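See structure below.
Numbered from 1 within each chain, the chains take letters A, B, ... in sequence-line order. All figures in this text were calculated on a predicted structure; none of them were measured in a lab.
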Amino acid sequence: MERGRLPSDVRGELITKAQEATNPEWGYKPAERPIKEHLAFGIINLDKPAGPTSHEVVAWVKRILELKKAGHGGTLEFC
Amino acid sequence: MTGILPIALERATKVVQSWLPAGKEYICIMRLHKEVDHEKIEAICQEFTGPLYQRPPLRSSVKRRLRIRRVYYTNVLEIFGSDVLIRVGCEAGFYMRKLVHDIGEVLGTGAHMLELRRTRAGPFKEDDTFVTLLEVNDAYHYWKEDGNEQYLRKVIQPVEEGLVHLPKLVIRDSAVDAICHGAKLTAPGVLKLSDDIKPGATVAILTQKGEAVGIAEAVMLSKEILEIDHGVVANTKKVIMPRSMYPEWKSFKK
């Protein structure tokens, strides 16, 4: 069966207004961040297990990765 | 309830808000309280698409007033006795439990939700980035104990992957630090832009290297941003990049 589309599947094209080079000394390409930075600017597309609440799952992730801060994008409890 | 639960770490938590209004997709088992002809189930389920009135259920996190939420598609995947497997693409804030209840009412048998799994949420899908808690745990220990970061990079995505559903504004190196200090984005700073930006739209501000600088609210159309050479084009709402990753604008010579 053909799967439907969500509005976010329709994406615009990138158009150029002006051109300029970027200095490679500053910042990082997202895939090339040092691993600690990668963690601090990271997201996880997690498969939530049945049982614990979304809140509890986030607390586990925080503990597993030894992080101070983490948040989820919309609970799976009241759906 | 299982399935897609996107999690943002540390500084990436700034982007969570941009995920909330995005569309969702669910797979759910609906248990009818009596067996019904398959064609009738199929037909009634198709009725439940488009804009629907819905009153949030008793167990919900919002005010329980009648509101309109859009259902983009409903597919009946399988029927087994009185159990119906359906896939639904819907607007944020639509309650599946309620949908199942309402379908049951229209069928005249009553129905309740047996199981629910989220299969999409904004930019997130069940693709090769989709991981379990166990995989996250193992990947972290591979890095911690063996110094192997390869698996950790597989289970954790850069924050930019969580912004792909938004229109983009790519800016000059000299505009980056000002945005990091919370300044509004003005026309001269813009190098590239998506062609579907509208006033009030949430947009991602990126560097030329593709790094997320922040999230902003556009104040005009793409066409207008393209034409003007001064003035504010977007108001910065969230800053993702820390200050001083890029030099301040004053150090750039004309």
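- Comparing A:Gly12, A:Ala31, A:Pro49, A:Pro24 by how many heavy-atom pairs each has under 4.5 Å with chain B, the most go to A:Gly12.
- Rounding to the nearest 0.5 Å places CG of B:Asp177 at 8.5 Å from CZ of B:Arg243.
- When heavy atoms are compared at a cutoff of 4.5 Å, A:Arg5 approaches chain B solely by way of its backbone atoms N, CA, C and O.
- For a residue to count as touching a neighbouring chain, one of its non-hydrogen atoms must lie under 4.5 Å from one of that chain's; by this rule B:Pro167 does not touch chain A.
- Most heavy-atom pairs under 4.5 Å with chain B, from the set A:Ile35, A:Asp9, A:Thr16: that is A:Ile35.
- Of the listed residues (A:His38, A:Lys68, A:Lys29, A:His72), the greatest number of heavy-atom pairs within a distance under 4.5 Å of chain B belongs to A:His38.
- No donor-acceptor pair under 3.5 Å is formed between the side chain of A:Lys48 and the backbone N or O of A:Ser54.
- If you tally non-hydrogen atom pairs under 4.5 Å between each of B:Thr129, B:Asp127, B:Leu166 and chain A, the highest count goes to B:Thr129.
- Contacts with chain B were tallied for A:Glu32, A:Glu25, A:Gln19, A:Arg33; A:Arg33 has the most, counting heavy-atom pairs under 4.5 Å.
- Electrostatic pairing of B:Arg117 and A:Asp47 counts as a salt bridge here, judged by a charged N lying under 4.0 Å from a carboxylate O.
- In this structure, chain B has a heavy atom under 4.5 Å from the backbone of A:Pro34, while its side chain stays farther away.
- Residue contact with chain A, scored on non-hydrogen atoms closer than 4.5 Å, is absent for B:Ala121.
- Residues B:Ile27 and B:Leu77 are in side-chain contact: their nearest non-hydrogen atoms beyond the backbone lie under 4.5 Å apart.
- Both the backbone and the side chain of B:Ile240 come within less than 4.5 Å of a heavy atom of chain A.
- Contacts of B:Thr207 with chain A are absent, with no heavy-atom separation under 4.5 Å from either backbone or side chain.
- Within the 4.5 Å cutoff, the side chain of B:Arg118 has no heavy atoms near those of the B:Thr2 side chain.
- For the options B:Trp143, B:Tyr140, B:Tyr72, heavy-atom pairs under 4.5 Å to chain A are most numerous at B:Tyr140.
- Looking at B:Val233 and B:Thr186, their side chains never come closer than 4.5 Å, going by heavy atoms from C-beta outward.
- Using a 4.5 Å cut-off between heavy atoms, B:Leu116 touches chain A through its side chain atoms alone.
- Annotation: B:Phe252 is not in aromatic contact with B:Trp249 [ring centroid separation under 6.0 Å not met].
- For B:Val190, the parts lying near chain A are the backbone and the side chain together; criterion is any non-hydrogen pair under 4.5 Å.
- We find that B:Glu10 and A:Lys69 are not joined by a salt bridge, their nearest charged nitrogen and carboxylate oxygen being 4.0 Å or further apart.
- Contacts of B:Leu133 with chain A are made by both backbone and side-chain atoms, with heavy-atom separations under 4.5 Å.
- A:Ile44 places a side-chain heavy atom less than 4.5 Å from the side chain of A:Leu65.
- Among B:Arg153, B:Arg11, B:Arg172, B:His165, the residue with the largest count of heavy-atom pairs under 4.5 Å with chain A is B:Arg153.
- Inspection of the B:Glu211 and B:Tyr246 side chains reveals an N or O donor paired with an N or O acceptor under 3.5 Å.
- Looking at B:Leu85 and B:Val76, their side chains never come closer than 4.5 Å, going by heavy atoms from C-beta outward.
- Looking at A:Glu20, the atoms closer than 4.5 Å to chain B (heavy atoms on both sides) sit in the backbone and in the side chain alike.
- Taking A:Ala18, A:Pro30, A:Ala40 one by one and counting their heavy-atom pairs under 4.5 Å with chain B, the maximum is reached by A:Pro30.
- Heavy atoms of B:Tyr95 lying under 4.5 Å from chain A belong to its backbone as well as its side chain.
- Proximity to chain A (any heavy atom under 4.5 Å) is shown, for B:Val62, by neither the backbone nor the side chain.
- The contact between B:Cys90 and chain A is made entirely by backbone atoms, counting heavy-atom distances below 4.5 Å.
- Looking at B:Trp19, its side chain does come within 3.5 Å of a backbone N or O of B:Gly162 through a donor-acceptor pair.
- Proximity to chain A (any heavy atom under 4.5 Å) is restricted, for B:Glu160, to the side chain, taken from C-beta onward.
- Nearest heavy-atom pair across B:Val159 and B:Ala212 is CG1-CB, 4.3 Å.
- Interface remark: of the candidates A:Leu67, A:Leu46, A:Val61, A:Ile64, A:Leu46 forms the most heavy-atom pairs closer than 4.5 Å to chain B.
- Interface remark: B:Lys144 contributes side-chain atoms only to the contact with chain A (heavy atom separation under 4.5 Å).
- Each of B:Val176, B:Asp195, B:Val16 has some count of heavy-atom pairs under 4.5 Å with chain A, and the biggest count is that of B:Asp195.
- Ranking B:Thr13, B:Val131, B:Val155 against chain A, the residue ahead of the rest is B:Val131, based on heavy-atom pairs under 4.5 Å.
- Atom CZ in B:Arg120 sits 11.0 Å away from atom NZ in B:Lys24 (nearest 0.5 Å).
- Chain A forms more heavy-atom pairs under 4.5 Å with one residue of B:Leu226, B:Asp173, B:Val164 than with any other, namely B:Asp173.
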Intermediate values then yes/no, side-chain hydrogen bond (donor to acceptor under 3.5 Å, both in side chains), B:Lys168 and B:Ser194: CA-CA 5 Å; B:Lys168 297 166 189 60; B:Ser194 299; 5.0 Å; no

From CA spacing to verdict: side-chain hydrogen bond (donor to acceptor under 3.5 Å, both in side chains), B:Thr132, B:Glu135: CA-CA 5 Å; B:Thr132 61; B:Glu135 288 173 287; 3.2 Å; yes

